[in-house]
Amino acid sequence: MTRFSVPALLLLGFLAVSCGDENEATPTPALPEHLTLGNPSGAAADPAQPTNYLLLKSQYALSYHRDKGIPNWVSWHLSPEWLGTAARQDDFRADATLPAGWYQVSTSSYTGSGFDRGHNCPSADRTRTVADNSATFLMTNMIPQAPNNNQRTWATLESYCRTLVDEGNELYILMGNYGKGGSGSNGYQTTIDNGRVTVPQRIWKVIVVLPQGSDDVLRISSSTRVIAVDTPNDNAQLPSWGSYRTSVDAIEQATGYDILSQVAPAVQATLEARVDNGPTQ
DNA sequence: CTGTGCCTC
DNA sequence: GAGGCACAG
C-alpha cells in the first residue's frame, strides 16, 4: 500500500500551520493535525504530481487532481475547538495557492450545471473564526454534487457529525469521491465547465469517533466507532445516509487508497472490515 | 452583496 | 422557527 517517506513526513510536520506542538522528544514525527489518520493516496506537495497534489491548509488537508478540477479526498479534524460563532461566509472563490499555470476552477464553473458546489470540509465544521469559515469556500474544497445528495443525505450526515461532537466526541473525517458521471438537476453529465471539472460518480466518507481528549491516534482501538458511507452522486430522492453504510475495506477496494494507515495493523484490519450499525441521529 | 428557496430537525 | 444547504440577479 502507499506510504510516504520520513523526510516527507518531516516536511509536512513543519508545513502544518495549526499543528499543535507535541513533545520534542517524540520519536516519530507528528503528522499534521488533519492527516492524523494518514495520507491515503500518498499525495505530495509536488507540482510534478498534478493528479495527486497535496494541499495543506490550517483548516484541512486534501489531495487535488488538476485534470479533474476537484479533490481526490479531503481530510480534517473536527473537535470543539473548531466550532464557534463565525457566520457562513459564502465567499466561493478560486484557490490561488495552486501551482502557477494550473487551471483554477471558479465559482462560475458550476453555474447552471445542475450540480451544487458541494463542500468536502463543510462550512459549519469551521466556525471558530471568519478566516477558518472562509477557507472552506475555496473551490479546491468543492465537488459537483447532486443537490438532493448534498442538501439532504449529506447535510444530514454532516449534522450528525457535529451532534457527535456536542455529545463529547472528536472526529477525524475523510471525504472523497471516485468514478465519473452523476445525475444533477439537469440530468446525467460526466463533466461541467467545458470538460474542465469532472462530475464524480460516487461520494464517500470515513468518520473515526473518539472521546474528546484522546486525540492520539494510538488510542484508536478495535472498539472505536468508525462510520464509512458510500453514496451515488444522484439527484433522486435518496434514503437517509444510514442505509449507505459500508466498510472501509470496500472503499479502499473501490479507490485503491490506504485509509487509516496510521492505525496499528491489527486494529486497522478489524475496524476496516466492520460496517457501522450505531445510531444515525 | 442581497434576497430567496428548500430541506431537516 | 432555527440552522444548514444552496441559487439567481
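Each chain gets a letter, A, B and so on, in the order the sequences are listed, and its residues count up from 1. We use all heavy atoms of the structure for the numbers below, so side chains are in, but hydrogens, waters and symmetry mates are not. Computed from a prediction, not measured in an experiment: that's the story for all the values here.
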Exercise. Hey, does the side chain of A:His34 reach the backbone of A:Gln59 with a donor-acceptor pair shorter than 3.5 angstrom?
Worked result: yes
Out of C:dA8, C:dA6, C:dG4, minimum distance to the side chain of A:Arg88 belongs to C:dA6
_Check: A:Ser41/A:Asn52 side-chain N/O donor and acceptor closer than 3.5 Å_ = yes
Are there any protein N/O atoms within less than 3.5 Å of an N/O atom in nucleotides 6-9 of chain B, and if so, which ones and at what distance?
from	atom 1	to	atom 2	distance (Å)
B:dC7	OP1	A:Arg152	NH2	3.4

*Are any side-chain N or O atoms of A:Arg66 and backbone N or O atoms of A:Tyr53, one a donor and one an acceptor, separated by less than 3.5 Å?*
no
The correct set of residues in residues 175-202 of chain A placing a heavy atom under 4.0 Å from DNA chain C is none
Taken to the nearest whole Å, CG/A:Asp116 to C1'/C:dA8 is 13 Å
Is there a side-chain contact between A:Asn233 and A:Gln145 in this structure, where contact means two heavy atoms from C-beta onward sitting under 4.5 Å apart? yes
Between CD of A:Gln145 and P of C:dC5 the distance, given in whole Å, is 11 Å
Next item on the list: Return yes if some donor-acceptor pair links the side-chain N/O of A:Gln212 with the main-chain N/O of A:Val165 below 3.5 Å, else return no.
Entry: yes
Taking the side chain from A:Thr231 and the backbone from A:Ile203, do they hold a donor-acceptor pair closer than 3.5 Å?
-> yes
Between CZ of A:Arg117 and P of C:dC5 the distance, given in whole Å, is 13 Å
Between A:Arg274 (side chain) and A:Leu271 (backbone), is there a donor-acceptor pair under 3.5 Å?
no
When rounded to whole Å, the CG to P distance for the pair A:Asn149 and C:dC5 reads 14 Å
Separation of C:dG3 atom C1' from A:Glu158 atom CD, nearest Å, is 13 Å
Whole-Å distance, A:Asn141 CG to C:dA6 P, equals 10 Å
Looking across every strand, which nucleic acid part, if any, lies under 4.0 Å from A:Tyr160 by heavy atom: base, sugar-phosphate, or nothing? nothing
A:Phe92 atom CZ is separated from C:dA8 atom P, nearest whole Å, by 12 Å
- prompt: Just wondering, more than 12 heavy atoms not from A:Arg162 lying within 6.0 Å of its CZ?
  reply: yes
| Can you tell me if the side-chain N/O atoms of A:His119 get under 4.0 Å from OP1 or OP2 in C:dG4? | no
When rounded to whole Å, the CG to C1' distance for the pair A:Asp90 and C:dG9 reads 15 Å
*Are any side-chain N or O atoms of A:Asn133 and backbone N or O atoms of A:Thr127, one a donor and one an acceptor, separated by less than 3.5 Å?*
no
